[in-house]
2 protein chains.
Amino acid sequence: MNDEGRATRPQTRIQQRNTTAILEAALEVFSAQGFRGATLDQIAAAAGLSKPNLLYYFPSKEAIHLELLRGLMDDWLAPLHALDPAGEPRDEIMGYMRRKLEMSREMPRESRLFANEVLRGAPHMMPAIETGLKSLVDEKAAVIRGWSEAGRIAPVDPYHLIFSIWALTQHYADFEAQVRAVLGPGHDPYSEAGAFLDLLFTRLLATG
Amino acid sequence: MNDEGRATRPQTRIQQRNTTAILEAALEVFSAQGFRGATLDQIAAAAGLSKPNLLYYFPSKEAIHLELLRGLMDDWLAPLHALDPAGEPRDEIMGYMRRKLEMSREMPRESRLFANEVLRGAPHMMPAIETGLKSLVDEKAAVIRGWSEAGRIAPVDPYHLIFSIWALTQHYADFEAQVRAVLGPGHDPYSEAGAFLDLLFTRLLATG
DNA sequence: CGTGAACCTGACCGCGTGGTCAAAGAAAAC
DNA sequence: GTTTTCTTTGACCACGCGGTCAGGTTCACG
């Protein structure tokens, strides 16, 4: 039981369990209802706690929301971070796309939480976007531009290539209701998307 | 001054002006704040009316929201509706994509309003999506499948082709905050996107 | 088992918000 | 000019919601 790092972190068993339950419940409610649409009672109920008890662990509704967003940023950057400048260009880009699609399948609530935030103009995340996200994208875009100029993939604008990966993969999580309604029953949107996107990016990146 | 059509529709000059102003103001506020996040006071202020006066023209906050969504559906279907089965396949699909991108540029608030609704699981629009939208997509997907099978465009899943057009074009409106933050100043996202998407769909659809 | 800290709750509060209403103020109709 | 209908508003209300608090209960630890 060391006490290193960020000041004051007792972290008992109960604290661990309850904060986890609260964040899980908050993710569920915020992603489905938005920040203003969610109520502390809903979150408390979903977490199996009373509202005052919930506020014993977090000082305010906003604090829960911020904590959720803060934790999300790392997960969100990870797939792009893993794009390896030393790898085979096509494999790296397709791999990035597949990881993002996998994230949409496995973490649709997180995707919707993020979408909600950006839709509003990213009031809380703009600093993180302008620093962490931007610099990472700049870095990887330079790598892709290099590949492009070296003729290892077809010429493309690297920024919009990255945007297209975000758009195409997150769409299946954020607009899931619409996708399922249009396809009708008996479809697995994500596996179909996997095949389609493989094809799309293969053709986009193929050299002469 | 005829009185045909839907029962009771006096529509004086003042009524016309005020309902228009209210819907315009509501679009502004709802698209930026979401349904729950928006307040009647904000909408009234943006419309230049008092709150009670606003409620003289619409019975409730929800009624304004519904009216907005109802009016949006037609605009939303129009670009796909215009895809001509008798046209040149590549031109038709690329034309559809360009019309959608144009809509994102010209009507970003409407795009965000729609995104907000679908993110929440489309509680109000699901009926319209399951009927109007789905049948239109089914119809046009069949056309595209025909082109694909006839070898006039490269083989693609027509449904996911349409989804990809939605995702790629709406992304620039819905995630505008992020796109601008990542690109930095001195960029015109939409014109760059136009060039990129031209390239992307050209390569995706090219035969041989 | 005792004691202090951590955990939990019912009751409560103030404020913002959706919505109402009676009555005043403009337009239109005659 | 008068009446009638349409338009606008200030004052008001009920309620849901975020947040507080005093006090009770449970837990960890010696």
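Proteins come first, then strands; the chains are lettered A, B, ... in the order of their sequence lines, and each starts at number 1.
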Per-nucleotide pairing state of DNA chain D [Watson-Crick or G-U, under 3.5 Å; [ ] pseudoknot-crossing; | other strand]: ||||||||||||||||||||||||||||||
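- Rounded to an integer number of Å, the gap from A:Arg13 CZ to C:dC8 P is 14 Å.
- Residues forming a ring-ring contact (aromatic ring centres under 6.0 Å, His included) with B:Trp147 (at least two apart in sequence, or on another chain): none.
- Annotation: proximity of residues 19-34 of chain A to DNA chain D (heavy atom, distance under 4.0 Å) is found for no residue.
- In terms of phosphate contacts, A:Gln15 brings a side-chain nitrogen or oxygen within less than 4.0 Å of OP1 or OP2 of C:dC7.
- From B:Met107, atom CE reaches atom CG of B:Leu27 across 8.0 Å, with rounding to the nearest 0.5 Å.
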Just list the side-chain donor-acceptor pairs under 3.5 Å for residues 71-86 of chain B, sequence neighbours left out, or say none.
unit_1	atom_1	unit_2	atom_2	d
B:Asp84	OD1	B:Ala86	N	2.9

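- Residues satisfying the side chain to side chain donor-acceptor pair (under 3.5 Å) criterion with B:Ser111, sequence neighbours excluded, are B:Asp174.
- Dashed line: the shortest gap from a side-chain N or O of A:Ser50 to OP1 or OP2 of C:dT9 is under 4.0 Å.
- Sorted by first and then second residue, the side-chain hydrogen bond (donor to acceptor under 3.5 Å, both in side chains) pairs with a member in residues 28-38 of chain A read A:Glu28-A:Arg109; sequence neighbours excluded.
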Please tabulate the protein-to-nucleotide N/O contacts below 3.5 Å involving nucleotides 17-22 of chain C, giving atom names and distances.
unit_1	atom_1	unit_2	atom_2	d
C:dG18	OP1	B:Ala38	O	3.3
C:dG18	OP1	B:Lys61	NZ	2.9
C:dG18	OP2	B:Leu40	N	2.8
C:dG18	N7	B:Lys51	NZ	3.1
C:dG19	OP2	B:Lys61	N	2.8
C:dG19	O6	B:Lys51	NZ	3.4

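- Taking the ring-ring contact (aromatic ring centres under 6.0 Å, His included) definition, one finds that B:His171 meets it with B:Phe175, sequence neighbours left out.
- One interatomic measurement links the two molecules: CZ of B:Arg17 to C1' of D:dT7, which rounds to 10 Å at whole-angstrom precision.
- When distances are taken from the side chain of B:Ile14 to each of D:dT8, C:dA6, C:dT9, the shortest belongs to D:dT8.
- Checking the phosphate oxygens (OP1, OP2) of D:dT8, no side-chain nitrogen or oxygen of B:Tyr56 falls inside 4.0 Å.
- Listed by first then second residue, pairs satisfying side-chain hydrogen bond (donor to acceptor under 3.5 Å, both in side chains) with a partner in residues 124-144 of chain B read B:Glu62-B:His124, B:Lys134-B:Asp138, B:Asp138-B:Tyr159, not counting sequence neighbours.
- Contacts of B:Tyr172 classified as ring-ring contact (aromatic ring centres under 6.0 Å, His included), with partners at least two apart in sequence or in another chain: A:His160.
- Within 4.0 Å (heavy atoms only), B:Tyr57 reaches sugar-phosphate atoms of the nucleic acid but no base atom.
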Using a 3.5 Å cut-off and no angle test, enumerate the donor-acceptor pairs between side-chain atoms of residues 37-55 of chain B and protein atoms at least two apart in sequence or in another chain.
unit_1	atom_1	unit_2	atom_2	d
B:Thr39	OG1	B:Gln42	N	3.1
B:Gln42	OE1	B:Thr39	N	3.0
B:Ser50	OG	B:Asn53	N	3.3

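- Protein atom CG of A:Leu54 is 13 Å distant from nucleotide atom P of D:dT20, rounded to whole Å.
- OP1 or OP2 of C:dC8 has at least one side-chain nitrogen or oxygen of A:Asn18 nearer than 4.0 Å.
- B:Leu204 and A:Arg203 get closest at one heavy-atom pair: O-NH1, 2.8 Å.
- The CG atom of B:Asn53 sits 13 Å away from the C1' atom of C:dA24 (whole-angstrom rounding).
- The ring-ring contact (aromatic ring centres under 6.0 Å, His included) contacts involving residues 18-53 of chain B comprise B:Phe30-B:Phe35, B:Phe30-B:His65, B:Phe35-B:His65, where partners must be two or more places apart or lie in separate chains.
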